[in-house]
Peer 1: 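Questions regarding the structure given below will be posed in turn.
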Amino acid sequence: MTTIGARPVPALPAACLEWCRAQPPALLVADEYVEVDLDLWNLRLAERGIDLRLRAGGPDGGVVESGRGFLRRSDLWAAGRRARGSLEESVIALYMCAAWLAGHPQRSGIRRGLPDFRVPERDRPAWHSVSAHGFPLVLHDVVDWLDSPSDAMSLLRNGAPHGCVGRGVPDLGYPLASLYLSSLAMAWSEEEIVPVDPAGLASLVHAGWTEVESIARMTPRRYERYLDVVSTWARHAAVDPLVVEMWLVRDWHDRRCGDVPADGTGADSPPGGTRRR
């Protein structure tokens with residue numbers, strides 16, 4: 001076991017090292033995809049009065065706005081690059097991340113079918129920076145804070161950096177916030193900002209990490225320490241941190257493969273996780 005400052009880092013599991021080194025890292029993470037029901041997502045967006053439409057890749061490789069499409073992690077990275085230009089593109093990138101996360105069979109974190117990232121009318125007086133459509137400007141401002149992941153996360157979670165108390169972006173839990181930050185960071189080649197998923201966090205705890213036992217106990221500072229552990233493992237394995245994070249999620253499900261209680265609960269819901277509806 002090594003340490004980061006005074007914080008112990010569990011030893012890199014042999015299974016993680018073997019799996020990560022056996023993968024084609026240039027394609028593995030970028031090609032991780034989910035199938036998305038675009039008609040359902042765009043209908044829900046229209047019903048909520050949110051003026052945007054999601055698009056995804058079609059079966060022939062083109063772009064589609066209806067029917068079923070495919071979102072790859074690389075699509076999220078491209079959206080993250082576009083998000084550098086405007087709040088509108090930032091909101092689109094966030095909804096793409098939400099659709100990808102909601103459609104992933106091994107990840108969780110979306111509380112309901114369609115999250116609403118707008119600040120309610122009653123709460124807007126407490127915010128200094130809200131767009132005319134109700135979206136907090138921190139969704140775009142956060143691109144200037146990516147060199148400090150804990151401050152970037154505080155901006156999304158609390159509406160202010162440095163862990164200040166406040167109300168964060170609505171419907172934005174740590175799994176989605178971290179996926180969004182990771183997508184933005186890829187535009188700057190900041191590959192050490194990776195998502196945190198309840199399943200992956202449970203695998204890290206299983207390996208001996210004692211900083212936090214579930215996603216419910218996550219904080220911006222603990223998220224940054226989580227990134228330190230994943231990056232340390234990645235350096236030892238000589239792979240990208242995103243590959244290690246993918247192994248963490250897969251490992252939780254692999255260890256529980258076939259171990260499903262009779263009522264169907266538990267195996268698809270790691271500690272602190274949110275089951276899809």
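Since the structure is predicted, the reported quantities are computational estimates derived from the model, not experimental observations.
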Peer 1: Is there a side-chain contact between Val229 and Leu204 (heavy atoms, below 4.5 Å)?
Peer 2: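 Contact flag for Val229/Leu204 side chains = yes.
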
Peer 1: If we count only N and O atoms by modelled type, under 3.5 Å, do the side chains of Arg235 and Thr232 hold a donor and an acceptor together?
Peer 2: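 A pair is found: one side chain offers a donor N or O, the other an acceptor, under 3.5 Å apart.
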
Peer 1: Is any side-chain heavy atom of Tyr95 closer than 4.5 Å to a side-chain heavy atom of Val91?
Peer 2: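 Yes; the side chains approach each other to less than 4.5 Å.
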
Peer 1: Working to the nearest 0.5 angstrom, can you tell me the gap between Cys97 SG and Leu184 CG?
Peer 2: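 Spacing of SG (Cys97) from CG (Leu184) equals 7.5 Å.
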
Peer 1: List the atom of Ser182, the atom of Leu242, and the distance in Å for their closest heavy-atom pair.
Peer 2: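 Shortest heavy-atom separation between Ser182 and Leu242 comes out as OG-CD2, 3.8 Å.
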
Peer 1: Leu52 and Leu45: which non-hydrogen atoms are nearest, and at how many Å?
Peer 2: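 Closest pair (atom of Leu52, atom of Leu45, distance): CD1-CD1, 3.4 Å.
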
Peer 1: Looking only at atom types and distance, does a side-chain atom of Arg221 sit under 3.5 Å from a main-chain N or O of Ser150, one as donor and one as acceptor?
Peer 2: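 Absent.
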
Peer 1: Identify the residue among Val244, Leu12, Asp240, Leu28 that makes a side-chain contact (heavy atoms from CB on, under 4.5 Å) with Cys20.
Peer 2: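 That would be Val244.
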
Peer 1: Going through the distances and angles, do Met153 and Tyr174 end up as a side chain to side chain contact (heavy atoms under 4.5 Å, CB included)?
Peer 2: CA-CA 8 Å; Met153 185 62 77; Tyr174 277 94; 3.5 Å; yes

Peer 1: Checking the side chain of Asp197 only, and the main-chain atoms of Ser108 only, is there a donor and an acceptor separated by less than 3.5 Å?
Peer 2: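 Side chain of Asp197 to backbone of Ser108, a donor-acceptor pair under 3.5 Å: yes, one is there.
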
Peer 1: Under a 4.5 Å cut-off applied to non-hydrogen side-chain atoms, are Trp19 and Arg250 in contact?
Peer 2: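 Trp19 vs Arg250: side chains touch.
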
Peer 1: What pairs of residues pass the ring-ring contact (aromatic ring centres under 6.0 Å, His included) test when at least one of them lies in residues 65-85, not counting sequence neighbours?
Peer 2: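 Every pair satisfying ring-ring contact (aromatic ring centres under 6.0 Å, His included) with a residue in residues 65-85: Tyr33-Phe70.
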
Peer 1: Mind listing the closest non-hydrogen atom pair of Arg73 and Pro195 along with its distance?
Peer 2: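 Reported closest heavy-atom pair: NH1-CG, 4.0 Å.
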
Peer 1: Which label fits Trp209 and Tyr226: parallel for a plane angle under 30°, tilted from 30 to 60°, or perpendicular past 60°?
Peer 2: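 The arrangement is tilted - the two ring planes meet at 30° to 60°.
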
Peer 1: Do Cys16 and Asp251 touch side chain to side chain, with heavy atoms closer than 4.5 Å?
Peer 2: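 No, every pair of side-chain atoms sits at 4.5 Å or beyond.
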
Peer 1: Any idea which heavy atoms bring Trp41 and Ala99 closest together, and the distance?
Peer 2: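 Nearest pair, atom of Trp41 first, then Ala99: CZ2-CA, 3.4 Å.
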
Peer 1: To the nearest 0.5 Å, tell me how far Leu71 CG sits from Met96 CE.
Peer 2: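 Leu71 atom CG to Met96 atom CE measures 5.0 Å (nearest 0.5 Å).
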
Peer 1: Could you pull out the closest heavy-atom pair between Leu139 and Leu87, with the gap in Å?
Peer 2: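 Where Leu139 meets Leu87 most closely, the heavy atoms are CB-CD1, 4.1 Å.
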
Peer 1: I want to check something: taking the side chain as every heavy atom from C-beta on, are Arg44 and Asp39 in contact at a cut-off of under 4.5 Å?
Peer 2: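 They are not in contact (no side-chain heavy atoms under 4.5 Å apart), so the answer is no.
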
Peer 1: Determine, stepwise, if the pair Glu32 / His104 fulfils side-chain hydrogen bond (donor to acceptor under 3.5 Å, both in side chains).
Peer 2: CA-CA 9 Å; Glu32 186 180 17; His104 200 291; 2.7 Å; yes

Peer 1: As an exercise, state the distance from CG of Leu38 to CG of Leu43, rounded to the nearest 0.5 Å.
Peer 2: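 Spacing of CG (Leu38) from CG (Leu43) equals 12.0 Å.
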
Peer 1: For residues 61-68, tabulate all N or O donor-acceptor pairs below 3.5 Å that involve a side-chain atom, not counting sequence neighbours.
Peer 2:
from: Glu65; atom 1: OE1; to: Arg53; atom 2: NE; distance (Å): 3.3
from: Arg68; atom 1: NE; to: Glu35; atom 2: OE2; distance (Å): 2.9

Peer 1: Going by heavy atoms in the side chains, are Gln23 and Val239 under 4.5 Å from each other?
Peer 2: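 Side-chain contact under 4.5 Å: no.
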
Peer 1: So, Trp233 side chain and Glu245 main chain: donor-acceptor pair closer than 3.5 Å or not?
Peer 2: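 Such a contact is absent between Trp233 side chain and Glu245 backbone.
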
Peer 1: Is there side-chain contact between Asp116 and Pro170, with at least one heavy-atom pair below 4.5 Å?
Peer 2: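 In short, these two side chains do not touch, never coming nearer than 4.5 Å.
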
Peer 1: Please check if the side chain of Ser183 supplies one atom and the backbone of Gly80 the other of a donor-acceptor pair under 3.5 Å.
Peer 2: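 Absent.
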
Peer 1: Who pairs with Glu47 by side chain to side chain donor-acceptor pair (under 3.5 Å), at least two apart in sequence or on another chain?
Peer 2: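 Per chain and number, Glu47 pairs via side chain to side chain donor-acceptor pair (under 3.5 Å) with no residue.
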
Peer 1: When you look at CZ of Arg222, are more than 12 heavy atoms from neighbouring residues, nucleotides or ligands closer to it than 6.0 Å?
Peer 2: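 Counting neighbours around CZ of Arg222, more than 12 heavy atoms of other residues, nucleotides or ligands fall under 6.0 Å, so yes.
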
Peer 1: Can you give me the closest heavy-atom contact between His253 and Ala199, atom names plus distance?
Peer 2: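 It is NE2-CB, 3.9 Å.
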
Peer 1: Supply the atom-to-atom distance Leu179 CG to Trp100 CH2, rounded to the nearest 0.5 angstrom.
Peer 2: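 Separation between the atoms: 6.0 Å.
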
Peer 1: Out of curiosity, Leu156 CG to Asp151 CG, how far, rounded to the nearest 0.5 Å?
Peer 2: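 CG of Asp151 is found 11.0 Å from CG of Leu156.
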
Peer 1: Considering only heavy atoms from C-beta outward, does the side chain of Phe135 approach that of Leu94 to under 4.5 Å?
Peer 2: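 A side-chain contact under 4.5 Å is absent here.
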
Peer 1: Starting at CD of Glu224, measure out to OG of Ser154 and round the result to the nearest 0.5 Å.
Peer 2: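 Between Glu224 CD and Ser154 OG, I get 9.0 Å after rounding to 0.5 Å.
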
Peer 1: If only atom types and distance count, is the side chain of Arg124 paired as donor or acceptor with the main-chain N or O of Val119 below 3.5 Å?
Peer 2: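 Present.
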
